[in-house]
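Please read all numbers here as calculations on a predicted model, not as lab measurements.
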Amino acid sequence: MQPFLNTRAAFWTAGAVVALALWTSACPTMTYPLYQADWHVSTTTVTWIFAAYPVALIPVLIVFSDLSDHIGRRSAMLLGLLAELAGVLLFAFADGVPWLLAGRAFMGLGVGLSLSPASVAMVEFSAPGKEGRAGSVGTAVSSSGIALAMLVGGALTQYAPFPLHLNFFVLAAVIAVVVCFVAGMPHHTANETSTRWRMRAIIIPRGNRGVFAAGAFAFASSFLLGAIVLPLGAKIAHQLAGSTNALVTGALLSVFAAFIAVSALLARRLRPWTLVTVGAAGSVAAVWLFVVTSATHSMAVFLLASACAGAAYAFDFAGGLTVLNTYAAPHHRASMMSGGYLAQGVGAPVLGWVVTAHGLPTGLLTGAASFSVFFGAALLMGLVMLSRTRRPGFRVADGVAARSAPAAQRAADGVHETVDRK
């Protein structure tokens with residue numbers, strides 16, 4: 001198909017792909033309790049269904065992180081959207097757990113292929129001099145995707161027929177429409193390369209590994225919060241906070257998405273190591289507020305926990321991502337991010353197993369205790385880096401020695417040149 005979208009329309013189409021990626025990733029949230037009630041699926045199984053998404057996403061990020069640089073943003077987004085569509089349709093027609101596991105795997109594949117090129121395309125199709133706007137708009141549309149999953153899913157689950165299926169047919173229809181618009185985008189953008197695609201090894205330049213570890217812990221912390229909210233949020237709202245209406249539950253969970261958006265805007269004004277530190281502290285507070293929800297059965301505490309989790313998620317994500325973007329080789333950044341999804345892919349099933357074996361309150365208490373160790377490590381590393389920024393010769397903007405930054409950059413450049421020659 002020949003391109004028919006102008007630059008502005010292409011920008012917003014890429015934004016729609018970002019929103020759809022997050023909507024797709026969270027779309028089963030409101031139906032998980034129905035699978036448990038109607039199909040007698042255990043919480044462990046629900047969290048394994050949830051985990052199939054990051055498990056499929058991780059190898060895509062590692063192997064195909066720079067695919068769009070070689071085949072074009074449009075082609076990569078189309079491949080991702082078609083995989084998302086396949087996953088959503090598997091949920092729409094599902095009559096058993098194997099369908100759901102396969103559907104989540106296709107969703108992970110689709111998001112892995114489409115999200116990164118769509119985010120890059122938003123920058124490339126921005127008006128001259130307004131490229132920075134793409135980040136804030138991208139955060140807003142991604143959080144709106146999560147909110148749509150909660151609100152549309154909640155409304156259709158509560159008030160429409162076929163509550164186990166209609167939600168996914170509606171999402172499939174939206175994906176199909178966006179596919180048509182993506183097909184009308186320009187074939188290529190200026191920043192793409194004409195070289196053939198090939199796998200690249202993950203390389204962390206020497207001298208940056210401690211800094212990278214701090215960023216990776218912060219980035220992964222956001223996904224551990226997601227491992228509580230997305231697979232178990234509806235169950236917490238129903239069983240512990242007393243919500244019996246799926247739309248109300250969806251509205252409550254959308255607070256999580258709303259605070260991601262608001263906090264992401266605030267995060268743009270804060271330095272990376274401040275984000276890492278505040279995000280880690282907020283993560284600890286959020287998981288223990290969910291424990292308090294289980295003890296008090298309070299809707300107000302649940303709202304506070306969701307808001308705190310959303311803010312902490314935004315700070316963890318922004319702080320960790322900034323560090324990784326600063327110190328990871330450009331063509332390895334998506335691969336580095338796979339650690340966050342790995343934390344989610346491991347944390348969710350383990351938490352689900354505890355909930356199935358010992359009940360939701362015990363599961364939340366166990367999750368809060370174990371996740372807090374991880375968040376505490378991120379907090380400690382963030383505080384160490386914050387203290388180093390106060391020493392002479394350190395650049396406060398990113399928390400690293402100004403004199404060492406050029407050397408680190410030269411090392412990274414040397415690594416790139418070596419890899420590119422092979």
Taking atom [atom1] as the centre, does [X] end up with more than 12 heavy-atom neighbours from other residues, nucleotides or ligands that are less than 6.0 angstrom away?
| X | atom1 | result |
| --- | --- | --- |
| Phe259 | CZ | no |
| His165 | NE2 | yes |
| Phe106 | CZ | no |

Sub-4.5 Å side-chain heavy-atom contact between [X] and [Y]:
| X | Y | result |
| --- | --- | --- |
| Trp39 | Leu34 | no |
| Thr47 | Tyr32 | no |
| Leu289 | Phe302 | no |
| Leu156 | Phe162 | no |
| Ile228 | Ile236 | yes |
| Tyr35 | Val97 | no |
| Met77 | Met185 | yes |
| Tyr53 | Ser25 | yes |

Is the distance between the ring centroids of [X] and [Y] under 6.0 Å?
| X | Y | answer |
| --- | --- | --- |
| Tyr313 | Phe256 | yes |
| Phe169 | Phe93 | yes |
| Phe11 | Phe125 | no |

Atom CZ of Phe290 and atom CG of Leu225: how far apart are they, to the nearest 0.5 Å? 8.0 Å
OG (Ser222) and CZ (Phe375) are apart, to the nearest 0.5 Å, by 9.0 Å
For Trp23 and Ile175: C-alpha separation, side-chain torsions, deciding distance, then whether side-chain contact (heavy atoms from CB on, under 4.5 Å) applies. CA-CA 10 Å; Trp23 187 350; Ile175 293 175; over 6 Å; no
List the steps, then state whether side-chain contact (heavy atoms from CB on, under 4.5 Å) holds for Asn167 with Phe91. CA-CA 9 Å; Asn167 174 33; Phe91 267 76; over 6 Å; no
Which is it for Leu20 and Leu171 under the side-chain contact (heavy atoms from CB on, under 4.5 Å) test, yes or no, and what are the steps along the way? CA-CA 9 Å; Leu20 276 177; Leu171 176 55; 3.8 Å; yes
Check for a donor-acceptor pair, side chain of [X] on one end and backbone N or O of [Y] on the other, with a separation under 3.5 Å.
| X | Y | value |
| --- | --- | --- |
| Thr157 | Gly154 | no |
| Ser263 | Ile260 | no |
| Arg74 | Ala183 | yes |

Testing the 3.5 Å rule here: is there a donor-acceptor pair between the side chains of [X] and [Y]?
| X | Y | result |
| --- | --- | --- |
| Thr274 | Thr277 | no |
| Ser283 | Ser221 | no |
| Glu84 | Ser114 | yes |

